[in-house]
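Just so we're on the same page: letters track the sequence lines, and every chain starts at 1. Predicted, not measured: the structure shown is a model, and the values here were computed from it. What's counted below: heavy atoms across the whole structure, side chains too, no hydrogens, waters or symmetry copies.
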Protein chains: 2
Amino acid sequence: MPRAGLTPALVIAGAADLADEVGFDRLTLAALAARFGVAVPSLYKHVDGLEAVRRGVAIAALGELGAALAAGQAAAAEAPPAERLRVLAHAYRAFATARPGRYAATVRAAQPDDAEHAAAAGSALHVVLAVLGELGLTGDAAVDAARGLRALLHGFASLEAAGGFGMPRDVDESLDRIVDAYGRALTLSTERAHPGSDVAPPAPG
Amino acid sequence: MPRAGLTPALVIAGAADLADEVGFDRLTLAALAARFGVAVPSLYKHVDGLEAVRRGVAIAALGELGAALAAGQAAAAEAPPAERLRVLAHAYRAFATARPGRYAATVRAAQPDDAEHAAAAGSALHVVLAVLGELGLTGDAAVDAARGLRALLHGFASLEAAGGFGMPRDVDESLDRIVDAYGRALTLSTERAHPGSDVAPPAPG
DNA sequence: CATTGTGGCTAATGACAATAGCCTTGTCAA
DNA sequence: TTGACAAGGCTATTGTCATTAGCCACAATG
C-alpha cells in the first residue's frame with residue numbers, strides 16, 4: 001500500500017475544491033476519499049470527521065475571501081471611497097460566484113467557543129470595516145453600516161447563487177446601483193443625527 | 001393497526017414544525033415519522049420522499065411569509081411609505097426569527113421547471129414590490145430596488161439567524177437604521193439619472 | 001357480504017459516517 | 001545494520017438514514 005501523502009491541509013484543500021464542484025452541502029467523506037484514491041477511514045488520520053472538514057473549509061475559505069477583498073482594495077488604493085466600496089462589493093460577488101462551495105462555507109456561523117473560526121471571520125470583516133472607516137463612520141453608525149453592508153453583500157451573493165434573480169436585468173449593474181445607493185445613504189446618515197457613542201470592538205459580525 | 005389519519009398537508013405541516021424545532025437542514029424522515037408515531041415508509045403514502053417534503057415546506061412557508069408581510073402592511077395601511085417599508089422589514093425579520101426552519105426553507109431556490117414553487121415565491125415578492133411601488137420606483141430602478149431590498153432583508157435575517165451579529169448593538173435599531181437608509185437612498189436614486197426603461201415582469205427574484 | 005383501494009406495516013437494500021483494530025512502511029537511534 | 005516505533009494506510013463492523021418492494025387490515029361501497 002503506497003502512501004498517498006495526505007496531510008490535513010491537503011485534505012481540507014481537496015474538500016474545498018470538491019465543495020466548489022458539487023456544492024458545500026454535498027461535501028461527503030466518501031467523495032473526498034475517492035478524490036484522493038483512498039479509503040474513507042484513512043481520512044480520519046488527518047481530519048476529525050466530516051464536521052471538522054466543513055469547519056476547516058470554512059476557515060480556509062474565510063482567509064481566501066479576506067485576501068481577495070484585500071487584493072481588490074490594494075488595486076484600487078488611489079480611488080475615492082465610493083469607488084473602493086464598489087470594488088469591494090464586486091470582489092465579494094466574484095468570490096461567491098467563482099468559488100460557490102467555499103463561499104457557502106464562509107457563511108456558516110462559528111461555534112460560540114471556536115476562537116480560530118471567529119478570528120478567521122473577523123479578519124475577513126476587517127477589510128469591510130476599513131472601507132467603511134474611509135466613509136467616516138464610527139460608533140453605532142459604523143456597526144449599523146457593517147451589518148447592513150454585510151447583509152447586502154451576502155444577501156445579494158447568496159440569492160444570486162441560489163438562482164433567486166429571475167429577472168431580466170444585468171446583475172452587475174444591479175449590484176453597482178445598490179451599493180452606490182447604500183454608500184450614499186451611509187454618508188448621508190453621518191451628516192445627520194447619529195453622532196456615534198463610542199467605537200465598538202470589531203467583533204465578528 | 002389503527003389509522004394515523006395522515007394527509008399530505010398534515011405531513012408537510014408537521015415537517016415545517018419539525019424544521020422550526022431542529023433546523024431545516026436536520027429535517028429527517030425518521031424524525032418526522034416518529035413525530036406522527038408512524039413507521040418511516042408510511043410517509044411515502046402521502047409524500048414523495050425527503051426532497052418532496054422539503055419542497056412542500058418551502059412552498060407552504062413562502063405562503064405564510066407572504067401572508068405575514070401582507071398582514072403587516074394591512075395594519076400599517078395609513079402610514080407613509082417610509083414607515084411601511086420599515087414595517088415590512090420588521091415583519092420579515094420577525095418571521096425569520098420566529099420560524100427559523102420555515103424561513104430557511106423559503107430561501108432555497110425553486111427548480112427551474114417548478115412553476116408552483118416559483119409562483120409561491122412570486123406571491124411573497126409581490127408584497128415587497130407593492131411597497132417599492134409606493135416609493136415611486138418603476139422599471140430598472142424597481143428591479144434593482146427589489147433585488148437590493150430582498151438581499152438586505154435576507155442577509156440581515158440569515159446572518160442574525162446564524163449568530164453572525166456578534167456586536168454589542170441592538171439589532172432592531174440596526175435594522176431600522178439600515179432600512180431607513182436604504183429607503184432614503186432609493187428615493188434619492190429616482191430623483192436622479194435612472195428613468196427606468198420599462199416595467200419588468202415580477203418574476204421570482 | 002364480497003370487493004377493492006387506501007394506509008398502515010415489515011423486510012431488505014444501499015449510501016454514508018464513524019470506530020476498532022490490523023499491518024506496512026519509513027525513520028531514527030543504538 | 002537492525003530493531004523499535006510511530007504514522008498512515010487498510011478491512012471489518014456498526015449505526016443512521018432514505019428508499020423500494022411487497023404484505024395485510026380495515027373501511028367504505030356496491
Side-chain angles (χ1 to χ4, degrees), chain A residues 1-61 101 104-105 108-111 114 117, chain B residues 1-61 101-102 104-105 108 110-111 114 117:
Chain A
M1 321 295 153
R3 300 278 167 114
L6 298 183
T7 66
L10 266 178
V11 172
I12 296 300
D17 290 344
L18 181 58
D20 282 339
E21 290 165 16
V22 305
F24 186 70
D25 48 320
R26 286 200 246 246
L27 179 58
T28 194
L29 290 187
L32 186 55
R35 159 178 288 252
F36 286 118
V38 133
V40 174
S42 306
L43 298 175
Y44 283 80
K45 296 285 174 161
H46 306 282
V47 128
D48 217 28
L50 179 61
E51 202 46 46
V53 170
R54 294 204 263 241
R55 172 180 176 272
V57 172
I59 291 174
R108 286 168 63 96
Q111 291 300 108
D114 188 341
H117 192 163
Chain B
M1 322 296 155
R3 300 279 166 112
L6 297 184
T7 67
L10 266 177
V11 172
I12 296 299
D17 289 343
L18 181 58
D20 282 339
E21 290 164 17
V22 307
F24 186 70
D25 48 319
R26 284 200 246 245
L27 180 57
T28 195
L29 290 187
L32 185 56
R35 157 178 290 252
F36 285 118
V38 132
V40 174
S42 305
L43 298 176
Y44 283 79
K45 296 286 173 157
H46 305 282
V47 130
D48 216 28
L50 179 61
E51 202 48 45
V53 170
R54 292 192 183 124
R55 173 180 174 270
V57 171
I59 291 174
R102 284 172 164 89
R108 286 168 63 95
Q111 291 300 109
D114 187 341
H117 192 163

**Student:** Nearest 0.5 Å, please: how far is CD1 in B:Ile59 from CZ in B:Arg108?
**Tutor:** 11.5 Å
**Student:** Of all the nucleotides listed (C:dA18, D:dC10, C:dA11), which has the minimum atom distance to the side chain of B:Pro41?
**Tutor:** C:dA11
**Student:** Would you indicate which nucleotide in D:dG9, C:dC16, D:dA18 comes nearest to any side-chain atom of B:Thr28?
**Tutor:** D:dA18
**Student:** Please report the distance, rounded to the nearest Å, between CG in A:Leu32 and P in C:dA18.
**Tutor:** 12 Å
**Student:** What is the distance from CD of A:Glu51 to C1' of C:dT19, rounded to the nearest Å?
**Tutor:** 18 Å
**Student:** For B:Val57 and B:Ala15, which heavy atoms make the closest approach, and how far apart are they?
**Tutor:** CG2-CB, 3.7 Å
**Student:** Could you tell me which non-hydrogen atom of B:Gly101 sits nearest to which non-hydrogen atom of B:Asp20, and how far apart they are?
**Tutor:** N-OD1, 2.8 Å
**Student:** Whole Å only: how far is the CG atom of A:Leu6 from the C1' atom of C:dG26?
**Tutor:** 16 Å
**Student:** In whole angstrom, give the distance that lies between atom CZ of A:Arg26 and atom C1' of C:dA15.
**Tutor:** 14 Å
**Student:** Which nucleotide wins on minimum distance to the side chain of A:Leu29, given the candidates C:dG8, C:dA18, C:dC22?
**Tutor:** C:dA18
**Student:** Let me know the distance between NZ of B:Lys45 and P of D:dC23, rounded to the nearest Å.
**Tutor:** 12 Å
**Student:** Return the nearest nucleotide to the side chain of A:Ser42; candidates are C:dC16, C:dG7, D:dG9.
**Tutor:** D:dG9
**Student:** From C-beta outward on B:Leu50, which listed nucleotide comes closest to its side chain: D:dG9, D:dT19, C:dC16?
**Tutor:** D:dT19
**Student:** With side-chain contact (heavy atoms from CB on, under 4.5 Å) as the test, would you mind laying out the steps for B:Leu18 and B:Glu21 before giving the verdict?
**Tutor:** CA-CA 5 Å; B:Leu18 181 58; B:Glu21 290 164 17; 4.3 Å; yes
**Student:** Nearest-Å distance, CG (A:Leu10) to C1' (D:dA7)?
**Tutor:** 16 Å
**Student:** Taking for each residue the nucleotide of DNA chain C bearing the nearest heavy atom, is the 5' side occupied by B:Val38 or by A:Tyr44?
**Tutor:** B:Val38
**Student:** Under 4.0 Å between any heavy atoms, over every strand shown, what does A:Val40 touch: base, sugar-phosphate, or nothing? Just pick one.
**Tutor:** nothing
**Student:** When you get a sec, tell me which of C:dG8, D:dC17, D:dG9 is the closest nucleotide to the side chain of B:Ala30?
**Tutor:** D:dC17
**Student:** Taking all heavy atoms of A:Leu29 and all of A:Leu43, pick out the closest pair and write down the distance.
**Tutor:** O-CD1, 3.5 Å
**Student:** So, is B:His46 close to the C:dG8 phosphate, meaning a side-chain N or O under 4.0 Å from OP1 or OP2?
**Tutor:** yes
